Amino acid sequence: IPRARVSVATRVKAGVRERERAAKRRSWVILLSDTSQRRDTLCKMSFPKQPPEQVEVGPGLELRALQPEHADVMFALVDAERAHLRVWLPWVDGTRAVTDTRAFLLDVCAKRAAGQTLAYGIWEGEALRGVLGFHDISASNGNLQVGYWLSREGEGRGLMTMSVAA
């Protein structure tokens with residue numbers, strides 16, 4: 001989450017009050033269910049009005065706002081990782097050419113300008129390792145959807161955890 005303040009608290013009775021306060025601050029409250037521990041967690045997030053284009057995550061790791069010029073690199077990664085990604089992502093098989101990826105990125109840019117989406121590539125040096133996005137942002141309802149994916153090389157090293165915390 002670019003320059004966002006994130007705090008996590010176990011859900012108690014304050015869930016409704018937190019949502020009301022969040023709506024006043026232009027922030028979102030996300031309820032994350034953890035079925036393994038049988039508890040819900042509230043994530044309070046505040047987004048800046050002008051999200052940054054780049055966010056330093058750690059040494060050699062940064063988030064970069066997705067742009068149409070990333071189409072070639074992104075398509076190459078998706079194409080190389082098809083078998084790995086299609087298990088979770090239904091759009092993978094419909095992405096057959098760089099033009100499909102470019103069309104997606106143009107849509108992301110339009111939705112970013114409208115305040116509906118924040119989507120970032122996770123870059124390790126000059127290598128794209130995955131994508132982190134906040135979609136269907138609704139300030140009036142105080143909710144959004146989180147989407148992400150990582151290449152095999154990006155998994156198991158905490159890249160997504162660090163990216164979300166940045």
Side-chain angles (χ1 to χ4, degrees), residues 1-4 6 26-36 41 43 45-166:
I1 302 165
R3 301 285 185 248
V6 177
R26 188 187 155 106
S27 61
W28 291 266
V29 176
I30 301 173
L31 180 63
L32 304 171
S33 293
D34 182 352
T35 54
S36 66
T41 302
C43 252
M45 302 177 174
S46 299
F47 287 86
K49 289 183 181 177
Q50 274 301 98
E53 293 292 314
Q54 291 183 272
V55 178
E56 183 69 29
V57 175
L61 187 65
E62 71 179 358
L63 301 177
R64 298 180 196 160
L66 292 178
Q67 302 293 337
E69 56 265 20
H70 297 138
D72 291 330
V73 174
M74 190 170 166
F75 176 76
L77 183 60
V78 169
D79 199 38
E81 299 280 339
R82 274 183 198 284
H84 174 68
L85 295 175
R86 82 166 38 101
V87 175
W88 298 281
L89 304 170
W91 53 262
V92 170
D93 290 328
T95 304
R96 297 189 174 114
V98 174
T99 54
D100 297 325
T101 303
R102 187 167 288 111
F104 164 74
L105 294 172
L106 287 168
D107 185 54
V108 164
C109 289
K111 288 180 179 178
R112 178 183 173 99
Q116 299 170 337
T117 292
L118 294 175
Y120 291 87
I122 301 169
W123 296 83
E124 190 172 36
E126 291 305 311
L128 179 63
R129 297 293 185 216
V131 170
L132 170 61
F134 304 96
H135 309 287
D136 301 324
I137 297 171
S138 173
S140 61
N141 291 319
N143 61 28
L144 55 79
Q145 295 182 31
V146 178
Y148 62 90
W149 58 267
L150 284 171
S151 65
R152 283 175 288 199
E153 286 188 38
E155 289 183 344
R157 300 186 293 130
L159 298 184
M160 189 58 67
T161 301
M162 289 185 291
S163 296
V164 171

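Computed from a predicted model, the values in this text were never measured in an experiment.
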- Message: For a side-chain contact (heavy atoms from CB on, under 4.5 Å) check, start with the C-alpha distance between L61 and M162, then their side-chain angles and the critical distance, and finish with the verdict.
- Response: CA-CA 9 Å; L61 187 65; M162 289 185 291; 3.8 Å; yes
- Walk me through it: do Q67 and C109 pass the test side-chain contact (heavy atoms from CB on, under 4.5 Å)? CA-CA 7 Å; Q67 302 293 337; C109 289; 3.6 Å; yes
- Stepwise side-chain contact (heavy atoms from CB on, under 4.5 Å) test for D93 and R86: CA-CA 7 Å; D93 290 328; R86 82 166 38 101; 2.8 Å; yes
- Item | Intermediate values then yes/no, side-chain contact (heavy atoms from CB on, under 4.5 Å), W149 and I122 | CA-CA 10 Å; W149 58 267; I122 301 169; over 6 Å; no
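Remark: D136 pairs with Q145 by the side-chain hydrogen bond (donor to acceptor under 3.5 Å, both in side chains) rule, at least two apart or across chains. Every residue was checked against the side-chain hydrogen bond (donor to acceptor under 3.5 Å, both in side chains) condition with H135, not counting sequence neighbours, and none meets it. Residues satisfying the side-chain hydrogen bond (donor to acceptor under 3.5 Å, both in side chains) test with Q116, not counting sequence neighbours, are none.
For residues 94-111, the pairs satisfying side chain to side chain donor-acceptor pair (under 3.5 Å) are D107-K111, with sequence neighbours left out. Among pairs with a residue in residues 112-123, those fulfilling salt bridge (Lys or Arg N to Asp or Glu O under 4.0 Å) read E53-R112, at least two apart in sequence or across chains. Applying the ring pair (Phe, Tyr, Trp, His ring centres under 6.0 Å) test to every pair with at least one member in residues 55-79, sequence neighbours left out, gives these pairs: H70-W123.
Atom OH in Y120 sits 10.0 Å away from atom CD in Q54 (nearest 0.5 Å).
Between A83 and V87, the closest heavy-atom pair is O-CG2, 3.7 Å. When all heavy atoms are compared, the tightest approach of L66 to L105 is CB-CD2, 3.7 Å. What you find for P68 and L106 is that their closest heavy atoms are CG-CD2, 3.5 Å. The two residues A119 and V108 make their nearest non-hydrogen contact at CB-CG1, 3.7 Å.
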Could you pull out all donor-acceptor pairs under 3.5 Å where a side-chain atom in residues 125-134 meets a protein atom, sequence neighbours excluded?
residue	atom	partner	partner atom	Å
E126	OE2	R64	NH2	3.2
R129	NE	E124	OE1	2.8
R129	NH1	E153	OE1	3.0
R129	NH2	E124	OE1	3.4

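Counting heavy atoms from C-beta on, the side chains of I137 and L118 come closer than 4.5 Å.
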